[in-house]
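Here is the structure we will look at.
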Amino acid sequence: MARRKIIIDTDPGQDDAVAILLALASPEELEVLGVTAVAGNVPLPLTQRNARIVCELAGHADIPVFAGSDRPLSRPLVTAEHVHGTTGLDGPSLPDPQMPLQKVHAVDFIVDTLRNEPAGTVTLVPIGPLTNIARAFQDAADIMPRVQEIVLMGGAYFEVGNITPAAEFNIYVDPEAAGIVFKSDVPLTVMPLDVTHKALITAERVEAFRQMGTRTGRMVAAWTDFFERFDKEKYGSEGAPLHDPCTIAYLLEPELFSGRHINVEIETESELTRGMTVADWWRVTDRPVNATFMGDLDAKGYFDLLSERIARL
Ligand code: RIB
Ligand code: CA
C-alpha cells in the first residue's frame, strides 16, 4: 500500500502530542510532510514550541514545523489552559526544543504543498481550530479539489459540547473557519466527541505507557495523567478522552471506527450555539451529504494500536 502523505495541523495539547507521536511511529503507512501549528489550546508561540518538542521526542527533528494563525479568522482567541496547563503540555517538565521553526508561514506551506504534490495525494489532519485550513482555502481556492481527504477532530452531536453546552472546543474557537471547511466539498471525515468520548485513557492504560520503559512511554504517561485529571473531575468518567489520536488511528486502521455519511453544518450566528455541529444523523433534511461523521470505535483496538506504535519510539 502506498504511504499516505499527511500534514498535521495542531494546537498541542497533550492529546495532539500523542497523535503526532502515533503518526511518526507509523512510517510504513504515513509520510508526515509537515506539522503546522495553530493557536488553540494555548497561544501560537506555545503550540509551535510544543509541536517541535514532540517531533524531537519522536527522534524526528527532520520534520518541518511551521507557525500559522495566532487567532481565529474573525473572533478573539479562546484557549484551554484549564485543561492542558499553562504550557499546553503540562505534566512532565520539558526542555526547549533545539530544532528550528520553519520561516515559511503554515498557510503558505499548506498551499504550496497541495500545489506541488500530485492532486489527490495529500491528506490534511487538523486536530485544533480550523483557522489555518480555512485561510489556505481562502487564499488559494484552487487547492481544494487537490486535497485527498480531511480527517479532523472536532464537533459533537449526541455527546453535546465540552466548551459550551452546544459546541466542541476546536469548532467553537473558530466557527467561521469550520464553516469554510465543511462547505469546501473536500472529502471530510469527522472525529467528534461522540466517538472520542469512548476513547478513555484509563489508569491501567496510562500505566501501560509508563511500563514501556522508554522515555516516550514515560512522557505519554505523564501527559495523559495530567490531561486525565480535568476530564475525570468534569465527566466523572474513568479516564480522559484521548481525542486527537483518533484521526491518525483512522488513517492506520479505519475499521476501528464506524459512522454515517451525512450533512453537517456549522452554527456561526448565535452566541448561545456558536460552533455547534448540526449533524443530520437521522437524515431529516435534504441537505447534501458533506461528511463521514464517526459515532463509534473499538476502544480496545484503538489502545492496542496506540501502545504497539508508541512503544516503537
Ligand atoms: O475538544 C477536544 C479538542 O480540543 C482536542 O483537539 C484538544 O486537543 C483540544 O484542541
Ligand atoms: Ca487539539
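We count ligands from 1, going down the list as the structure has it; atoms in each ligand are counted the same way. Computed from a predicted model, the values in this text were never measured in an experiment.
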Tell me, with the steps shown, if Phe209 and Trp223 meet ring pair (Phe, Tyr, Trp, His ring centres under 6.0 Å). CA-CA 10 Å; Phe209 287 121; Trp223 281 331; over 10 Å; no
Just one of Asn41, Thr79, Asp16 clears the side chain to side chain donor-acceptor pair (under 3.5 Å) bar with His84, so which one? Asn41
Are Ile266 and Val78 grouped together when hydrophobic residues (ILVMFWY) are joined by side-chain heavy atoms under 4.5 angstrom apart? no
Quick check on contacts: which atoms of ligand 1 are under 4.0 angstrom from a heavy atom of Asp16? 8 (O)
At a 4.0 Å threshold, what atoms of ligand 1 neighbour a non-hydrogen atom of His243? 2 (C)
Indicate yes or no: does an N/O atom of Asp244 lie under 3.5 Å from an N/O atom of ligand 1? yes
Which residue and non-hydrogen atom of the protein lie closest to atom 1 (O) of ligand 1, and at what distance in Å? Glu168 OE2, 2.6 Å
How does Asp11 reach ligand 1, if at all, at less than 4.0 Å between non-hydrogen atoms: by side chain, backbone, both, or neither? side chain
Carboxylate-amine/guanidinium contact Glu253 Arg309, below 4.0 Å: no
Asp15 neighbourhood, listing ligand 1 atoms whose heavy-atom distance to it stays under 4.0 Å: 5 (C), 6 (O), 7 (C), 8 (O)
Does Glu168 form a side chain to side chain donor-acceptor pair (under 3.5 Å) with Thr277? I'd like the steps, not just the answer. CA-CA 8 Å; Glu168 175 279 327; Thr277 44; over 6 Å; no
Applying a heavy-atom cut-off of 4.0 Å, say which part of Thr196 lies close to ligand 1: side chain, backbone, both or neither. neither
Apex the Ca ion (ligand 2); atoms Asp244 OD2 and Asp16 OD2; angle rounded to 10 degrees: 80°
Pairing donors with acceptors under 3.5 angstrom, does anything connect the side chains of Asp9 and Thr36? yes
Are any non-hydrogen side-chain atoms of Glu117 and Gln148 less than 4.5 angstrom apart? no
For atom 9 (C) of ligand 1, what's the nearest protein heavy atom and its distance? Asn41 OD1, 3.1 Å
Judging by distance only, is a nitrogen or oxygen of Ile127 under 3.5 angstrom from one on ligand 1? yes
Tell me yes or no: between the side chains of Asp90 and Thr87, is some donor less than 3.5 Å from an acceptor? yes
Which atoms from ligand 1 have a heavy atom of Met153 less than 4.0 Å away? 2 (C), 3 (C), 5 (C), 6 (O)
Examine all N, O or S atoms of Pro12, backbone included, and report whether one is under 3.0 Å from the Ca ion (ligand 2). no
Please list, in number order, the atoms of ligand 1 under 4.0 Å from a heavy atom of Asn170. 3 (C), 4 (O), 5 (C), 6 (O), 9 (C), 10 (O)
Among N, O or S atoms, Asp11 approaches the Ca ion (ligand 2) most closely through OD1
For the residue pair Arg3 and Lys5, establish whether any side-chain heavy-atom pair is separated by less than 4.5 Å. no
